[in-house]
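One structure is given below, encoded as structure tokens.
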Amino acid sequence: MVAETLFQETAASRSPGTSSVLIRKAGVLGAGTMGARIAAHFANAGLPVVLLDIASPEGARSAVAAQALEALKKSKSAAFYEASAIARITIGNFEDDAARLADCDWVIEAVTENLAIKQALLDKIAPHLKPGAVFTTNTSGLSVAAIGARLPGELRRRWFGTHFFNPPRYMRLVEIIPTEEAGPDVIAAIRQFADLRLGKEVVLARDTPNFIANRVGVFILLEAVRLMQTEDLSVEEVDALTGTAIGWPRTGTFRLADLVGLDVLAHVAGNFASARGQTVALPPFIQTMLERRWLGDKTKQGFYKSAKDAEGQDVRLALDWKTLEYRPASRPKFPTLELAKNIEQLPERLAQLLAGDVSKDKAARFHWKLLSGLWNYAADCLPEIAGDAASVDRAMRAGFNWEMGPFELWDAAGVRPTVERMRAEGAPVSANVERLLATGVDCWYRNAGGRVFDLTTGGNKPVTAAEGVAHVAQFRAAHGVVKHNPGASLIDLGDSVACLELHSLKSAIGEDVVRMLTEMLRTDSDAIRNFSAFVITGDASNFSVGANLMQLLLAVQDGEWDEVDFMVRAFQRMTAGIKFCPRPVVVAPFGLCLGGGAEIALHAARRQAHAELYMGLVECGVGLLPAGGGCKEMTIRALDAAAAVRDGARSESIEIIEALRRNFEVIAKATVSTSAAEARHLGFLGPADGITMNRDRLLLDAKNLARDMAKAGYAAPLPRTNIPAPGRNLLATLQMAVHVMREGEFISDHDVKVAGKLAYVLCGGNLTAETPVSEQYLLDLECEAFLSLCGEKKTQERIAFTLKTGKPLRN
Ligand code: NAD
């Protein structure tokens, strides 16, 4: 059986090899919620896409797809990395434009979840596909084989399931569902493309109802509903119990249900009927919600809705599931949750939550019943839905954003003691976990997650990570830590490359990070002697939210000006250390990379960024300006870019003015990129910098780049002393622009002050035009301006407000 051998995964089968199937153009059938966004993500990957939907009987024939494209432009969580990507999508309709699929290498079907509709569409489309084209379905849970049953035999070799999660740009999971007839070569090609080009975590799922993530995820969601009823809990209480406390997203159960849509969930729940021995009936109150179309966000009401109170203020209402009436949402408090909040690591938190007295504590009873139900259910689903427990865990982490999958969570809670507890209560225990325990082993994983229990042999098998995928934690576990402080560590990545891992609390850069980076990258350090290249990155969800504002505010409020001056100089020494390090330093930023974090990135020899990069020099937002070399680097970049343009039609000085004015606006407005592609346009990434689509590949992509630069004979830059600062000519232009903004009342008086200082620094002060200046001169200007802004009351108010609320203050 072809499909079965695919599930015997090896490192080689999960690793990107050379595939004979090239994906250069894609077709998407159906421009609904999923189809349109899948098309957008193909466009993000640089692919031309043909997006088709049904033909309109009157008016423009392709109006359905056209409207979908219009809606994509405005979608709340941006579907595109940058607006211009939309140009890669061409639209059409199934009746007139099917022939336009003839040069597509991969066509994905994403129309209504209905077997007959999907089959009829396939009949229509199949004759138009070119020989060798891959054809897949995005069904959430119908039988993939049944959908493709009427396809010609040769095409069935290239037919299988590719299940994306909503929204496809942001959700990391793609389940690949091979049928019995699907060819391993085409599966390998799409797997590789989804991993490298679309940035997805690919998990192989068997062709069973709802596949892996929805099977487990929707089962447990409905289980939470059932327990809410038996334990007499409210919607908000269940959300509090099923959120971050147990490593699930903040949305909990019902906020998530509102986001996904109750109709979609009901559809998935309906599929359970065809799953082996399963019947999942929706409770009557949910049936009523469906009838009333209280489907969640898409119909503006579900388990929650927004309303205005008597004073016209926004209030959030929650559904009382017993009366089906809305009432103001409460903030439930459970003593066990309050205690657990202070425990950082999930395994310890879990132990605390499960230790509660179930006879007295509702929360403890709920957690025990929910999690023991989850564990037994997930175990029962093996090997029906997946090749092994590790695939289920990966699917739940990437598809539902759980911190740990069910089997990892079970190991953390202790398999044997929890099973004994179930037995003592007379509760059912999965036969599969009994088989595990019968072998004398107490956990699903061993060797620090390197091997997992194999139900087919009763032994264990390697957890196969694809080549090129790694996290800093793995190197920390394997090689130990060379140097460590609370903010950062030096870790050996092998091949003579070291990682400077940023891991401070809340990803802020404080004194400890500055010290570690400065000391490690000093010319005479042991690290420089022992390693030939460095990577600065981390495993957290954000690279850095910027300098530690709390440390700064305390010093400012105490009037410790020497201390503030010292902080700025220390930061500048650190970024200079990165820039002039005799070894190549590659920064691999991801997620938020703000303020001081962006300055670290700007000073590296190269940047290897994750595609989801939200980077910006945001200091002006708190009434400051970048003073860790950020202004200096942006001035140098503008001047270099302008000098590189050899356009005979325009003089270099016009190029300089435009480039610097662009950078001035980007910094003054505290602009943050919405992706790495946009960061390039904003000037934070240069043409030589790389972008990695798959977050799990970022570390090794950066490491390989650093190692290759070292091997190629890296020569560090020398501090520049001849920067042609534009001086007073441009300064006057920028000041005029600020003045106009103030006149139009777009900015406040304090904004004028901040922008004025920024303009002064970026221009190199009030010099006569193009006086050559040094990097140190620009750094001194940054420091001076920063200190003077720190002394401003309104800046201090901005910092305090942002620290308190996380938002900017307009004053
Ligand atoms: P949708 O309702 O938003 O879009 C369905 C599209 O199918 C519409 O554009 C519609 O015009 C088209 N369509 C309707 N009738 C048709 C017909 N007779 N012939 C051809 N096309 C027709 O649905 P969606 O949420 O985008 O789901 C599409 C597929 O993706 C389904 O199989 C669904 O199960 C799956 N899916 C959905 C989600 C999700 O969260 N919405 C997630 C993963 C997978």
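Indexing begins at 1, ligand by ligand and atom by atom, following the structure's order.
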(message) Can you tell me which portion of A31 lies within the under-4.0 Å heavy-atom range of ligand 1? Options are side chain, backbone, both, or neither.
(response) backbone
(message) I'd like to know whether ligand 1 has V260 as a neighbour, heavy-atom separation below 4.0 Å.
(response) no
(message) Both conditions, 6.0 Å and 45 degrees, for the charged tip of R88 above the ring of F42: are they met here?
(response) no
(message) Please verify the inter-ring angle class for H163 with F165; under 30° counts as parallel, over 60° as perpendicular, anything in between as tilted.
(response) tilted
(request) Note the single closest protein heavy atom to atom 40 (O) of ligand 1, along with its residue, its atom name and the distance in Å. (result) N166 CB, 3.5 Å
(request) Determine whether the side chains of T179 and W159 contain a donor N or O and an acceptor N or O closer than 3.5 Å. (result) no
(message) Can you tell me if E109 contacts ligand 1 (heavy atom of the residue under 4.0 Å from the ligand)?
(response) no
(request) For atom 23 (O) of ligand 1, state whether the nearest protein heavy atom is under 4.0 Å away. (result) no
(request) Can you spot which of D96, D53, D97 makes a salt bridge (charged side-chain N to carboxylate O under 4.0 Å, His left out) with R61? (result) D96
(request) Indicate whether any N or O donor in one side chain lies under 3.5 Å from an N or O acceptor in the other, for N214 and S140. (result) no
(request) Could you say whether the N/O atoms of V264 and ligand 1 ever approach to under 3.5 Å? (result) no
(request) Could you list the atoms of ligand 1 found under 4.0 angstrom from a heavy atom of T139? (result) 32 (O)
(request) Could you find the nearest protein heavy atom to atom 43 (C) of ligand 1 and give me its residue, atom name and distance? (result) F164 O, 3.2 Å
(request) Return the residue, atom name and 0.1 Å-rounded distance of the protein heavy atom closest to atom 9 (O) of ligand 1. (result) D53 OD2, 2.4 Å
(request) Report yes or no: does T299 contribute a side-chain atom to a donor-acceptor pair with the main-chain N or O of R293 at less than 3.5 Å? (result) yes
(message) Under a 3.5 Å threshold, yes or no: a donor from one side chain and an acceptor from the other, between Y377 and R215?
(response) yes
(request) Considering the heavy atoms of S140, write down every atom of ligand 1 situated less than 4.0 Å from one of them. (result) 33 (C), 34 (O), 35 (C), 36 (N), 37 (C), 43 (C), 44 (C)
(request) Pick, from G32, S56, A55, the option with the minimum heavy-atom distance to atom 4 (O) of ligand 1. (result) G32
(request) Name the closest protein heavy atom to atom 38 (C) of ligand 1, giving the residue it belongs to and the distance to 0.1 Å. (result) M34 CG, 3.3 Å
(request) For the residue pair F407 and W444, categorise the inter-ring angle as parallel (less than 30°), tilted (30 to 60°) or perpendicular (more than 60°). (result) perpendicular
(message) Give me the residue, atom name and distance of the protein heavy atom closest to atom 30 (O) of ligand 1.
(response) N138 ND2, 3.1 Å
(request) For ligand 1, indicate whether the residue H267 contacts it via side chain, backbone, both or neither (heavy-atom separation under 4.0 Å). (result) neither
(message) Polar contacts were defined as any N/O atom of the residue lying under 3.5 Å from an N/O atom of the ligand; does this apply to H163 and ligand 1?
(response) no
(request) Do me a favour and list the nearest non-hydrogen protein atom to atom 31 (C) of ligand 1 with residue, atom name and distance? (result) V111 O, 3.2 Å
(message) I'd like to check which ligand 1 atoms, numbered from 1 as shown, lie under 4.0 Å from a non-hydrogen atom of K118.
(response) 31 (C), 32 (O)
(request) Evaluate whether atom NZ of K130 has more than 12 neighbouring non-hydrogen atoms of other residues, nucleotides or ligands under 6.0 angstrom away. (result) yes
(request) Report yes or no: is the cationic atom of K305 (NZ for Lys, CZ for Arg) closer than 6.0 Å to the six-membered ring centre of Y326, at no more than 45° off its axis? (result) yes
(request) Run down the list I117, I54, T112, T33 and name the one with the heavy atom closest to atom 5 (C) of ligand 1. (result) T112
(message) I need the N401 CG to W248 CH2 distance, nearest 0.5 Å.
(response) 13.0 Å
(request) Distance to 0.1 Å, residue and atom name: give those for the protein heavy atom nearest to atom 28 (C) of ligand 1. (result) A110 O, 3.3 Å
(request) Using a 4.0 Å heavy-atom cut-off, say whether F165 meets ligand 1 through its side chain, its backbone, both or neither. (result) neither
(request) Please test D388 against L382 for side-chain contact (heavy atoms from CB on, under 4.5 Å), starting from the C-alpha separation and ending with a verdict. (result) CA-CA 7 Å; D388 50 44; L382 288 177; 5.7 Å; no
